[in-house]
Structure formats: C-alpha cells, structure tokens
Amino acid sequence: MSKSYYDPADLRKFGKITEWSEELGTSFFDYYGKVFQEGALSAREKSLIALAVSHVVKCPYCIDAYTKDGLQRGITKEEMMEAVHAGAAIEAGASLVHGVQMMNKYEKLSM
Amino acid sequence: MATKSLLKRNNELANANRQLEILSNGIFADGELPTFKDKITQTGQFPLRPRKLEILQINVGYMCNQVCEHCHVDAGPDRKEIMTVETMKQCLEVIKNTGAHTLDLTGGAPEMNPNFRWFVEEASKAGIKDFIVRSNLTIIRANKKYYDLPEFFKKHNVHVVSSMPHWTRGKTDKQRGDGVFDKSIKALQELNAVGYGMPDSDLRLDLVYNPSGAFLPGDQMALEADFKKGLMEDFGISFHNLFAITNLPISRFLDYLIASENYEDYMYALVEAYNPSAVQNVMCTNTISVSWDGWLYDCDFNQMLDLKVASKVKHISEYNEEVIRNRDIIISQHCYGCTAGAGSSCQGTVA
Ligand code: SF4
Ligand code: SF4
C-alpha cells in the first residue's frame, strides 16, 4: 500500500474497478464514453467543461487527465485557464450567495 | 532550448544501441508492459511483413537550420552527414525503375544539401506520381539563397509537406525555437502566393503536426479544422491537409521524455492506445527508407536506430525491390508510436 491517499499511477488502474463489479463498472464506462462524444456540444467544449469541473470537485486524477486531453486537442493554456476560472467563479459565487442567508438570519435575529 | 545535437553534446542517447537498450529495459523487461513483439503476436500480426512498395523515402542528410526539441533525427547545424552526388546517382537509378508511386525527400533540412536542387531536377524527370519534399518552412526564410524555393518547388511540381506544431506562436516557438513561428507564417504566405495550398490548386501543401510535449495527437480531422480556422483567420493562410504524427520515443524526444520524467507515462499511453488495425498499415509495410550514405531501412525511425533492413540487399547500390520485399521488419518498443490510436506515419494517421 502506498503511504499517501493519491498515487498518480492509480489513474492508469481506473479501468480495474470493473473487476469487482463488472456490470456497474461497464455501465459507467459506457456512459462516460458516450457523454464525451461529439454531440450538440463538441468534444472539445466538453473537454473544457470537464476540466473546469475537475477543479471544482478537486480531483487530481481528473485534472491530470483533462489537462492532457486538452493538450491533445490543441486547446491553448489561455482557454484552459479561463475554464478553470469559470469553475472557480461558480464555486466562489456558490459560497458568497449564502451570504444572503447570513444577512437574512442576521436581520431576523436583530431588533 | 538546446542549440546542439545530442551527438555534438556527447549525450549517450546519440548512441543507437543505448536507445534500444532503454526501450527494452525497465517496464518492458520486468513485464509491467508487453513488448511490441508480444503485443502484435497476441493479435496475430507477428512477424511484420512488407506489402508492395509504394513510397521511397530518401534522407539526404541530417544537417538542419533548426534544432527542434522533439527531433527524431537529432538534426541540427552541427550534423555533417550529407548525401554525396555518387549516392544520389545510385538513388536516381532506383527512382527511375521503382514501382513506388511516391518519392519522399527528407532530412534534416533537405534543402541544405549542396546538391539538393540538382537532385530534385533529375528526380522529377523520372515522372513519379507524387514527389514530396519535407520542408521545415523556416529554411525558406533562413538565407537569401533559399528565398526562391517556393518558385523552385513549383517549377518541379513538388508536393510540399511542412511541419507546424500549432497555429499559435507560443507553442510553436517552444518546440522549435524562438522566431520559428513568425518565419513559418511568412514562408507559408510565400508558398500561398505562388499557388501552393490554395483550395483548388494542384500545388499540394500539407502540414505536419507533432504534439509539443509528452502527449499523443488528438483527432486529425478536428485538428485540421482548428489549424485551418486559426491560420486563415489570423494570417490568411491556406493549406490542404494536416497530418497528425505521434512523436516516437527515440533520439531527442526520448531524451526529453526521460529528462522530464514522462517516459513511463508516455509508454503507458502508447501501449494503452495500441490499435491492431493500425498495425496492418504501419508505414514500414509500404515504404523503404534510404539514409544519406545509401543504407536501406524499414523506416526513418529504424534508420535513426541504425537497424538496417533484414535482407540480403542492404544498400542502394545493390537495390532489388523483389529481394527486399521478402523480409521481416525489425521492430522494438518505439513501434508503439506507429500503432497508437488512429496510428501514425509520415502521411498522418493510418487506421
Ligand atoms: S524536426 Fe525537422 S526541422 Fe526540426 S531539427 Fe529535426 S529535421 Fe530539423
Ligand atoms: S517504427 Fe518503423 S518499423 Fe516500427 S512500426 Fe513504425 S514504421 Fe514500422
């Protein structure tokens, strides 16, 4: 066992999750594959969305995977950074919008 | 960015045997990853055998005006290996009689061979259907004596294939050196000006894209569309097709992979992307590669690894297409670069 929770080499072993549950694992990978195909959104656009979400869910495996995916697609670093900011802005906004709740509660409790 | 070849720097990777050792050690020796031979055996494709010869690729020398970081030739201004007129004459004899429909001149920068123009003139008389010169673009702007290359290519109906890592400046200069992007753009505009790459023009201009780093090329058609859009919108440049080529783990690219600690991940990525249907069409099945000194190889990569054809006939001076065709192709783990994803060859994807 490795001494840290995350090991970059584990990403390569992702496919192995099917070994302990063939049906669920395979369903997941089929679904995953279909999601990222060309559709109403291009595969390139979906790659940038995935990169942004990877940051929001803070998954180091996903960040590695979608940075590489972006490079393979010729996505520029400016585009990648803007996507990360889009994710981060939503995350910051999601925290901040709760400020309204704080204000409401404050008002309610105050004379 | 280095300005000298591995050879000049006395880097151990200038030695072909050392490269082959690295490619067979570590993850491939301890069974973590299957060797290329095991892999193609599993899919019933060992030994690799050539089909009919279609492409004769001639490397006229390793000298180049650039020292790109990913170069599999280890080319550069300090390389002195240049094809002589004698060897060129031997090549011309073969060109006149070959069954191949494509002649593909490469280097280095082939234009730097002092007898390049004479050779092109003579070779073009043989009437081969498709006559390719691989030009790195910056050479056209490197020195006054090369300024008329677009006209020269046009006169001999040469099909120009040029490398371009990205449609933006940053990525291009990082892989190929400062200023390469601007010079390449200028060269492309000049090629367009004489008719190369224009939508209905017979003067073919194709671009080669190699990833600028430790990752595989994305979808060739999607990249072509992005390149076309980027180059047209920003610079008014047209070209015909884009060939997306995988960097093979040899020479300077191998050196880069090891130094940047990307080697194992890269080999994993290549093996994972193994595609048996690409194996059927790898370049060595329809190509013969000739080195500056006339030796024959299964491909340009095997040339750089000094793996001469496994045939009685090993040199252009004794060339015999029938005899050479009856051989097994020499393989090692670098071959995974040709079979990943949609496959890769000097003409782009193969699967
Ligand atoms: S990749 Fe091409 S242009 Fe760059 S150094 Fe090698 S031969 Fe020259
Ligand atoms: S590296 Fe050469 S020998 Fe190996 S598969 Fe590619 S073309 Fe064939």
Side-chain angles (χ1 to χ4, degrees), chain A residues 1-2 4 6-19 25-26 28-30 32-52 54 59-84, chain B residues 26-27 32-33 70 164-175 181 207-231 234 242-247 260-274 340-342 344 349:
Chain A
M1 271 296 272
S2 120
S4 72
Y6 287 117
D7 179 354
D10 281 349
L11 177 55
R12 292 179 200 139
K13 299 180 196 149
F14 191 13
K16 288 197 178 170
I17 63 147
T18 49
E19 287 173 13
T26 312
F28 165 77
F29 283 115
D30 286 349
Y32 193 96
K34 287 216 175 88
V35 165
F36 286 101
Q37 282 169 5
E38 295 284 332
L41 290 177
S42 67
R44 190 179 197 277
E45 286 163 334
K46 291 186 206 186
S47 174
L48 281 164
I49 295 173
L51 182 69
S54 303
C59 169
Y61 300 117
C62 313
I63 295 172
D64 275 8
Y66 282 93
T67 305
K68 195 176 189 182
D69 189 68
L71 278 164
Q72 291 180 184
R73 293 179 192 282
I75 295 175
T76 63
K77 61 181 181 207
E78 291 79 9
E79 291 172 301
M80 289 191 210
M81 186 53 97
E82 280 188 25
V84 171
Chain B
I27 40 179
E32 201 177 321
L33 288 178
H70 70 290
M164 193 81 195
H166 206 264
W167 60 92
T168 58
R169 178 176 290 109
K171 289 225 125 178
T172 304
D173 286 358
K174 222 165 163 196
Q175 182 190 72
F181 184 75
L207 296 185
V208 165
Y209 158 83
N210 294 82
S212 49
F215 53 94
L216 307 185
D219 178 67
Q220 180 167 279
M221 267 163 58
L223 284 164
E224 182 179 286
D226 287 340
F227 265 82
K228 285 204 165 159
K229 188 162 170 278
L231 290 176
D234 295 344
L242 182 84
F243 304 149
I245 298 189
T246 304
N247 289 311
S260 61
E261 298 184 0
N262 279 307
Y263 173 71
E264 286 197 4
D265 274 341
Y266 193 75
M267 295 314 284
Y268 260 94
L270 289 181
V271 174
E272 252 165 38
Y274 175 76
S344 176
T349 58

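The sequence lines fix the lettering, A, B, ..., with proteins before strands; numbering per chain opens at 1.
- Contacts between B/Leu216 and chain A at a heavy-atom distance below 4.5 Å involve backbone atoms as well as side-chain atoms.
- Heavy-atom distances place the backbone of B/Pro217, and not its side chain, under 4.5 Å from chain A.
- Contact of B/Tyr209 with chain A is made through the side chain alone, with heavy-atom distances under 4.5 Å.
- Shown here for B/Asp226 and A/Arg44, the closest heavy-atom pair between the two residues is OD2-NE, 3.5 Å.
- For A/Arg12, the parts lying under 4.5 angstrom from a heavy atom of chain B are both the backbone and the side chain.
- Most heavy-atom pairs under 4.5 Å with chain A: of the set B/Asp265, B/Thr168, B/Asp219, this distinction falls to B/Asp265.
- When heavy atoms are compared at a cutoff of 4.5 Å, B/Ala269 approaches chain A solely by way of its side chain, counted from C-beta outward.
- The two residues B/His166 and A/Thr76 come nearest to each other via the heavy atoms CE1-CG2, 3.8 Å.
- Looking at A/Ser42, neither its backbone nor its side chain comes within 4.5 Å of chain B, counting heavy atoms on both sides.
- Contact record, B/Phe215 with A/Lys68: CB-CG, 4.0 Å, taken as the closest heavy-atom pair.
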